[in-house]
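Keep in mind that the numbers below use all heavy atoms, side chains included, and drop hydrogens, waters and symmetry copies. Just so you know, these numbers come straight off a predicted model, no measurement behind them. Along the sequence shown, residues are numbered consecutively beginning with 1.
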Amino acid sequence: MIDSEKEIIASNYRVNASQLENILEVIVSFRNIVAHGERTYCAKLPRTRLSTNLNISKKLSIPLNEKGEYKYGRNDLLSLIIGCKYLLPDIEFINFITELDLNLQALAKQLTPYMLNRIKIQMGLWADNWKTLPKFKID
């Protein structure tokens, strides 16, 4: 595609063309993980990183590591969730978050709080603020 066409499509998702391309790279990487039967919850994308200049990432108040980079939401399941926030219609995203929360609640009944917390950290869900994602507006 030519650049002007990319920008028109990206504007439908309220991002620029390079941000849309980056979000799609993350989603395709996770699709490949799923397609090859690998564990998704603890997957870390080896090369692809979600952009740090997305407004939703900033609104989540993600903690920083010692290098000043986001600790979560770059190459973990949270990065996929953030990408879905941009691309899915609101009702589908709400359903996605609701289903994920219900599954984590069911898992909580089978694991100790310590183990559940370790799993959630691997997913990039270090706090429950991800549940508020449906309320955030993309600007």
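One distance of note links NZ of Lys58 with OG1 of Thr52; it measures 7.0 Å at 0.5 Å rounding. Interatomic distance, OH of Tyr86 versus CG of Asn55, reported as 5.0 Å (0.5 Å rounding). Note that CG of Leu60 and OH of Tyr70 are 8.5 Å apart. Values are rounded to the nearest 0.5 Å. Here Asn75 contributes atom CG and Leu50 contributes atom CG; the two are 9.5 Å apart, rounded to the nearest 0.5 Å. Atom CD1 of Ile9 is separated from atom CD of Glu21 by 12.0 Å, given to the nearest 0.5 angstrom. Residue Lys135 holds its NZ atom at 13.5 Å from CG of Asp90, rounded to the nearest 0.5 Å.
Heavy atoms only, all atoms of each residue included: Asp76 and Gly124 are closest at OD2-CA, 3.3 Å. The shortest non-hydrogen separation linking Ser51 to Ser57 is O-OG, 4.3 Å. Residues Ala108 and Leu116 come closest through the heavy atom pair CB-CD2, 3.4 Å. Of all heavy-atom pairs spanning Lys44 and Gln122, the tightest one is NZ-O, 2.6 Å. Contact record, Gly73 with Ser79: O-CB, 3.5 Å, taken as the closest heavy-atom pair.
Using modelled atom types, no side-chain atom of Glu92 and backbone atom of Pro89 make a donor-acceptor pair closer than 3.5 Å. Although no hydrogens or angles enter the test, the distance criterion places no donor-acceptor pair under 3.5 Å between the side chain of Lys120 and the main chain of Asp128. In this structure, the side chain of Lys85 engages the main chain of Phe136 through a donor-acceptor pair within 3.5 Å. Listed for the Gln19 side chain is a donor-acceptor partner under 3.5 Å among the backbone atoms of Asn53.
Hydrophobic clustering keeps Leu102 apart from Ile91 (ILVMFWY residues linked when any side-chain heavy atoms are closer than 4.5 Å, directly or through intermediates). By the criterion of side-chain heavy atoms lying less than 4.5 angstrom apart, applied directly or through intervening Ile, Leu, Val, Met, Phe, Trp or Tyr residues, Val34 is not grouped with Phe96; the two fall into different hydrophobic clusters. Using a 4.5 Å cut-off between side-chain heavy atoms of Ile, Leu, Val, Met, Phe, Trp and Tyr, with links allowed through other members, Ile8 and Tyr13 fall into different hydrophobic clusters. Under a hydrophobic-cluster definition in which Ile, Leu, Val, Met, Phe, Trp and Tyr are linked whenever side-chain heavy atoms come within less than 4.5 Å, directly or via other members, Leu64 and Ile56 are assigned to the same cluster. Placement of Ile138 and Leu80 within a single hydrophobic cluster is found when ILVMFWY residues are connected by side-chain heavy-atom separations under 4.5 Å, directly or transitively.
In this structure, Asn65 and Arg74 have side chains that are not in contact, with every pair of non-hydrogen atoms separated by 4.5 Å or more. Using a 4.5 Å heavy-atom threshold, the side chains of Asn22 and Val15 count as separate. In this structure, Leu20 and Lys6 have side chains that are not in contact, with every pair of non-hydrogen atoms separated by 4.5 Å or more.
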**OP:** Report the C-alpha separation of Ile81 and Ile97 in whole Å, then their side-chain angles, then the decisive distance to 0.1 Å, and conclude whether the side chain to side chain contact (heavy atoms under 4.5 Å, CB included) test is met.
**Re:** CA-CA 8 Å; Ile81 294 168; Ile97 293 297; 3.8 Å; yes
**OP:** Let me see the working for Tyr72 and Leu125 under side chain to side chain contact (heavy atoms under 4.5 Å, CB included), right down to the final yes or no.
**Re:** CA-CA 8 Å; Tyr72 310 107; Leu125 309 178; over 6 Å; no
**OP:** Give the intermediate values and the outcome of side chain to side chain contact (heavy atoms under 4.5 Å, CB included) for residues Glu7 and Asn16.
**Re:** CA-CA 6 Å; Glu7 287 297 336; Asn16 63 43; 3.9 Å; yes
Original post:
Taking it one step at a time, do Leu45 and Ile33 satisfy side chain to side chain contact (heavy atoms under 4.5 Å, CB included)?
Top reply: CA-CA 9 Å; Leu45 303 179; Ile33 289 168; 3.7 Å; yes
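One side chain, Gln105 or Asp101, offers a donor N or O that lies under 3.5 Å from an acceptor on the other.
The environment of NZ in Lys71 is sparse: at most 12 heavy-atom neighbours from other residues, nucleotides or ligands sit within 6.0 Å.
Applying side-chain contact (heavy atoms from CB on, under 4.5 Å) to Phe30 and the options Asn32, Val28, Val26 leaves one that passes, Val26.
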